[in-house]
Amino acid sequence: MGNAALPESLLDALSVTYTRWGRTTCPSGAEVVYSGIAGGAHYTQVGGGTNYQCLPEEPIYDDINDAGVGSYMYNAEYEVTQFKASDVEIQDDVPCVVCRVKRKSSLLVVPARNVCPSNWRLEYAGYLMTAHHTHAHPMEFACMDRQPEAIPRSRSNTNGALFYFVGGRCSGHLPCAPYKHDVQLTCAVCTV
């Protein structure tokens, strides 16, 4: 049963949220929940979280206590020299926005494709990115918008959490047809 067969009251209650990495706005048809800056664990640390976070622009803290902390959050930077359709440069900090789409019930991130399966709506397409394979700290794969933005005046090379393009390895790993060796993999964020 597709969403169209549901009563209007149930359809109005359905929604999905996703993070649009590398952008400050949501695509048409989606509303902004909040925008912020991408962050994560430092690429040299062996502990801490393994996922990127979209940190709000204005954090809210509870009462401060002297319990200390055991892990740290760092800003995230682009560690690529250029995107074809963007002015983003290496060392720029990465913005993000959390988007909500109403009347949708499922979200799918498709790696290695920049289109959605039939009957799914494309929210945005981009490039699969993550930490460098030689770094001590692994990170999740994230779909970075194909036309990313940068946080203004942020090029400072602080090297916290880092985003690198992901390429396929087809010589004995992925099948060389249709995958191409060391070519940037695309991705699509889709809803239905």
Side-chain angles (χ1 to χ4, degrees), residues 1-3 16-23 26-30 38-54 74 76-99 101 104-150 159-192:
M1 173 164 106
N3 288 352
V16 295
T17 59
Y18 61 89
T19 302
R20 188 177 188 188
W21 298 104
R23 296 292 291 197
C26 295
S28 176
H42 197 278
Y43 78 101
T44 62
Q45 295 173 343
V46 295
T50 57
N51 55 333
Y52 296 104
Q53 295 289 311
C54 185
Y74 296 86
E77 297 177 359
Y78 297 106
E79 284 295 311
V80 295
T81 54
Q82 71 179 35
F83 281 83
K84 289 182 180 176
S86 174
D87 292 332
V88 165
E89 293 186 28
I90 192 167
Q91 314 307 339
D92 281 341
D93 286 350
V94 179
C96 55
V97 61
V98 175
C99 303
V101 184
K104 303 289 182 181
S105 59
S106 296
L107 174 75
L108 174 68
V109 178
V110 182
R113 292 187 59 90
N114 57 13
V115 297
C116 296
S118 63
N119 299 323
W120 287 71
R121 171 192 147 121
L122 177 67
E123 296 295 329
Y124 74 94
Y127 295 97
L128 204 59
M129 299 188 87
T130 191
H132 197 276
H133 71 96
T134 63
H135 290 170
H137 196 90
M139 294 297 279
E140 69 180 344
F141 291 99
C143 187
M144 183 68 63
D145 194 280
R146 71 164 46 123
Q147 293 180 310
E149 300 167 315
N159 284 336
L162 305 174
F163 281 96
Y164 288 86
F165 288 122
V166 175
R169 288 288 171 140
C170 74
S171 54
H173 305 283
L174 291 172
C176 287
Y179 285 91
K180 296 179 181 177
H181 193 74
D182 284 351
V183 174
Q184 299 156 358
L185 293 174
T186 57
C187 55
V189 175
C190 311
T191 58
V192 67

Does the pair Glu149 and Asp87 meet the rule for a side-chain contact (heavy atoms from CB on, under 4.5 Å), with working shown? CA-CA 7 Å; Glu149 300 167 315; Asp87 292 332; over 6 Å; no
Passing option when Arg20 is tested against Val98, Val189, Asp145 for side-chain contact (heavy atoms from CB on, under 4.5 Å): Asp145
Quick one about Tyr43 and Glu77 (side-chain donor to acceptor, distance below 3.5 Å, no hydrogens or angles considered), yes or no? no
Give, for atom [atom1] of [X] and atom [atom2] of [Y], the distance between the pair rounded to the nearest 0.5 Å.
| X | Y | atom1 | atom2 | value |
| --- | --- | --- | --- | --- |
| Thr130 | His135 | OG1 | NE2 | 11.0 Å |
| Cys96 | Met144 | SG | CE | 9.0 Å |
| Tyr164 | His132 | OH | NE2 | 5.5 Å |
| Gln45 | Tyr74 | CD | OH | 4.0 Å |
| Tyr179 | Leu185 | OH | CG | 7.0 Å |
| Leu107 | Arg121 | CG | CZ | 11.5 Å |

Pairwise side-chain contact, [X] with [Y], heavy-atom cut-off 4.5 Å (strictly under):
| X | Y | answer |
| --- | --- | --- |
| Val166 | Pro111 | no |
| Thr17 | Cys99 | no |
| Ile90 | Glu79 | yes |

What orientation do Trp21 and Phe163 show, parallel under 30°, tilted 30 to 60°, or perpendicular over 60°? tilted
Between Phe165 and Tyr127, how do the two ring planes meet: parallel, tilted or perpendicular, split at 30° and 60°? perpendicular
Tell me, with the steps shown, if Tyr18 and Val101 meet side-chain contact (heavy atoms from CB on, under 4.5 Å). CA-CA 9 Å; Tyr18 61 89; Val101 184; 3.7 Å; yes
Under the side chain to side chain donor-acceptor pair (under 3.5 Å) definition, can you give me all pairs with a residue in residues 181-192, not counting sequence neighbours? Glu123-Thr191, Arg169-Asp182
Heavy-atom pair with the smallest gap, counting every atom of [X] and [Y]:
| X | Y | result |
| --- | --- | --- |
| Val80 | Met129 | CG1-CE, 3.9 Å |
| Val97 | Cys54 | N-SG, 3.9 Å |
| Ala150 | Val88 | N-CG2, 3.9 Å |
| Asn114 | Ala188 | C-CB, 3.9 Å |
| Leu162 | Tyr52 | O-OH, 2.8 Å |
| Gly49 | Ala41 | O-CB, 3.6 Å |

Look at the side chain of [X] and the backbone N and O of [Y], then say whether any donor-acceptor pair between them is shorter than 3.5 Å.
| X | Y | value |
| --- | --- | --- |
| Tyr124 | Cys143 | yes |
| His137 | Gly47 | yes |
| Gln91 | Tyr78 | no |

